[in-house]
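Side-chain atoms are counted along with the backbone in the values below, which use heavy atoms only and exclude waters and symmetry mates. Chain A is the first sequence line, chain B the second, and so forth, proteins listed ahead of strands; every chain is numbered from 1.
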There are 2 protein chains.
Amino acid sequence: MTKLRLSEAPSSTRFESVVERLRAAVLAGEFQAGERLHEVKLTSRLGVSRTPVRAALQKLASEGLLDYTPNRGYTLREFSISEVISAYEVRAVLEGLAARLSAERGLNVSEIATLQQALRDGDDLLRNGQITDDHRAQYSRINACFHETIHGSAGSRLLNETVYLCQQVPVSSPRYIVAFEERDVRRRHDDHHRIFEAIFGREPWRAEMLMRDHVASVKSSLVRSLSSPAAIDEELQLQQGRG
Amino acid sequence: MTKLRLSEAPSSTRFESVVERLRAAVLAGEFQAGERLHEVKLTSRLGVSRTPVRAALQKLASEGLLDYTPNRGYTLREFSISEVISAYEVRAVLEGLAARLSAERGLNVSEIATLQQALRDGDDLLRNGQITDDHRAQYSRINACFHETIHGSAGSRLLNETVYLCQQVPVSSPRYIVAFEERDVRRRHDDHHRIFEAIFGREPWRAEMLMRDHVASVKSSLVRSLSSPAAIDEELQLQQGRG
DNA sequence: AGTCAAAATAATGTATACATTTATTGGAAC
DNA sequence: GTTCCAATAAATGTATACATTATTTTGACT
């Protein structure tokens, strides 16, 4: 019945399409921080009526990307550096919890297979000497798969939803892992091996601690990269648009 | 300009009013778990058009109270006992993080005053021998004030939003603290004193650990109370409506 | 009787007109 | 020139008609 899709669901409704297009526009920096997003202007820009636009704005606000004030509409939220950094802190404790719950509950065979495959894929990718941008992009997918499998195996929908919210904070998204250096990638892949062992071996406390430090290390890398002025400019563009 | 209000903002718009009324209806158990919430039926029931009803449904779905499927509408989400319990786990790690960040950053004078007042109010309330239901209701407010002040002092909006989501899980709301026994209330008030000391004394690690265990102890009490079959029935009503 | 398909029904998705609130503009009073 | 208020413009809030999709019903065919 439904056509075979390569990646995601096809946004059957205009509302969903507008959500994706608006989010992409925001993340691409097409609006300034604090800028107001007028419904009617977006209407002409996106070629749909106000109804799906309004719904999309509400959804993006619920994801934390926009601010909303009754009778005054939506504005692009400002993300301070400290807010971005603390998003990693939040994600670290949540993913740590996911690892602990997963270890307490135990992995099923499907989850074990997926995680082991992700580990092997990572091994293969990092075996060769040099790491290209393409490698980094591939590893980003493997990394997402590894983490998502653990989130899922924790068995808490609320936990999944809160982790999702953390990843909606602009620079906090896992895909920005491509910005990191080679030794960081290798180190994090080693982390994955140890985390899997801890969960597989039913060591909740160790799994939590390892995962927590694993995610927090991304924060550290970000802070380190933000130490150079050029990097700060770069990140600020991503966060706040090219204001 | 704006009139003085006793508690909350007055929901100037129909949309906000519908959100509150619908949420109250859901928490009062006026719908069954998995039941569909038809827009048109709610329209006649609430006396407004579909537009604010749709927006309200979307908001409640974003809070995790409803499920949504495109072209098929909204249904009341089912909350399993394990989901409710893990909501406390999530809240525990998040509030633990809030305490740590608060201790790292330091309390300002206003926050110190608020927390000390909450501690004194609790002391006064618990000094007298017996604890009535009215006392419990009062303590519930004091408790909320204490925790909210710490969340705020952590300085992370994402953290506040994720904690809010945890509290939207039906039975997980702090107001259900009234269900607990007297010695639990006293024990938790003692926790508050120690947590304040840890934050005030800039001991991040200790503050996190204490707060985490503090919130997790609520989970333990809930699990204990769920051990008796009668209590299980009671909680299930709260969760799933009187289906 | 059972199964399947087409028609009818009813729900959600969308566009749009109107209502209400907010923001802007212009001018009178000081 | 500044301040304030009224008038205007423009934005969001709401209702509703229509479009599209999902569900149910009906009836023909096996």
Side-chain angles (χ1 to χ4, degrees), chain A residues 1-5 8-23 25-26 30-77, chain B residues 1-3 5 8-23 25-26 30-63 65-77:
Chain A
M1 306 312 136
T2 78
K3 279 181 280 183
L4 188 68
R5 300 279 166 183
E8 278 298 314
S11 42
S12 57
T13 167
R14 293 182 211 271
F15 156 65
E16 295 170 280
S17 156
V18 169
V19 168
E20 289 170 24
R21 286 201 282 164
L22 265 184
R23 194 192 346 249
V26 166
E30 298 184 19
F31 300 96
Q32 296 184 17
E35 182 179 343
R36 193 154 156 198
L37 281 77
H38 296 274
E39 295 175 6
V40 279
K41 289 179 184 171
L42 293 173
T43 281
S44 54
R45 170 176 177 159
L46 298 166
V48 298
S49 82
R50 274 181 63 206
T51 308
V53 169
R54 270 179 77 80
L57 289 171
Q58 189 184 335
K59 175 153 184 64
L60 293 178
S62 81
E63 289 181 1
L65 218 55
L66 306 178
D67 284 323
Y68 169 71
T69 312
N71 290 316
R72 259 191 221 126
Y74 297 85
T75 56
L76 180 54
R77 179 169 159 188
Chain B
M1 302 311 134
T2 79
K3 280 182 279 186
R5 299 280 165 182
E8 277 298 315
S11 48
S12 57
T13 168
R14 292 183 212 272
F15 155 64
E16 295 170 280
S17 157
V18 169
V19 168
E20 290 170 24
R21 286 202 282 164
L22 264 185
R23 182 174 17 229
V26 166
E30 297 182 20
F31 300 95
Q32 296 184 16
E35 181 179 343
R36 191 153 157 199
L37 280 78
H38 295 273
E39 295 175 6
V40 279
K41 289 179 183 171
L42 293 173
T43 281
S44 53
R45 169 177 178 158
L46 298 166
V48 298
S49 81
R50 274 181 63 206
T51 308
V53 169
R54 270 179 76 81
L57 289 171
Q58 189 185 334
K59 175 155 183 63
L60 292 178
S62 80
E63 289 180 0
L65 219 54
L66 306 178
D67 284 323
Y68 169 72
T69 312
N71 290 315
R72 258 190 222 127
Y74 297 85
T75 56
L76 180 54
R77 178 167 160 189

Under a 4.0 Å heavy-atom cutoff, the residues of residues 56-73 of chain A touching DNA chain C are Asn71(A), Arg72(A)
In whole angstroms, the gap separating P of dC18(C) from CZ of Arg14(B) amounts to 17 Å
Taking the side chain from Gln58(B) and the backbone from Gln58(A), do they hold a donor-acceptor pair closer than 3.5 Å? no
Arg36(A) atom CZ is separated from dA23(C) atom P, nearest whole Å, by 7 Å
Heavy-atom closest pair (Thr75(B) atom, Arg36(B) atom, distance to 0.1 Å) is CG2-CA, 3.9 Å
When rounded to whole Å, the CZ to P distance for the pair Phe15(A) and dA15(C) reads 14 Å
Of all heavy-atom pairs linking Val40(B) and Arg50(B), the shortest is CG1-CD, 4.1 Å
Exam field: side chain Arg21(B) to backbone Leu46(B), donor-acceptor pair closer than 3.5 Å | yes
Under a 4.0 Å heavy-atom cutoff, the residues of residues 46-54 of chain B touching DNA chain C are Arg50(B), Arg54(B)
Could you tell me whether the phosphate oxygens of dT12(D), OP1 or OP2, come under 4.0 Å of any side-chain nitrogen or oxygen in Thr13(B)? no
Interatomic distance, CG@Leu37(B) vs CZ@Arg45(B), rounded to 0.5 Å, equals 8.5 Å
Taken to the nearest whole Å, CD/Glu39(B) to P/dT21(D) is 16 Å
Heavy-atom nearest pair, Val18(B) first then Val53(B), reads CG1-CA, 4.3 Å
Arg23(B) and Leu65(B) have their tightest heavy-atom pair at CG-CD2, 4.0 Å
Taken to the nearest whole Å, CD/Glu16(A) to P/dT21(D) is 12 Å
Tyr74(B) OH to dA22(D) C1', in whole Å, measures 16 Å
Original post:
Is a donor on one side and an acceptor on the other found under 3.5 Å between the side chain of Arg77(A) and the backbone of Gly64(A)?
Top reply: yes
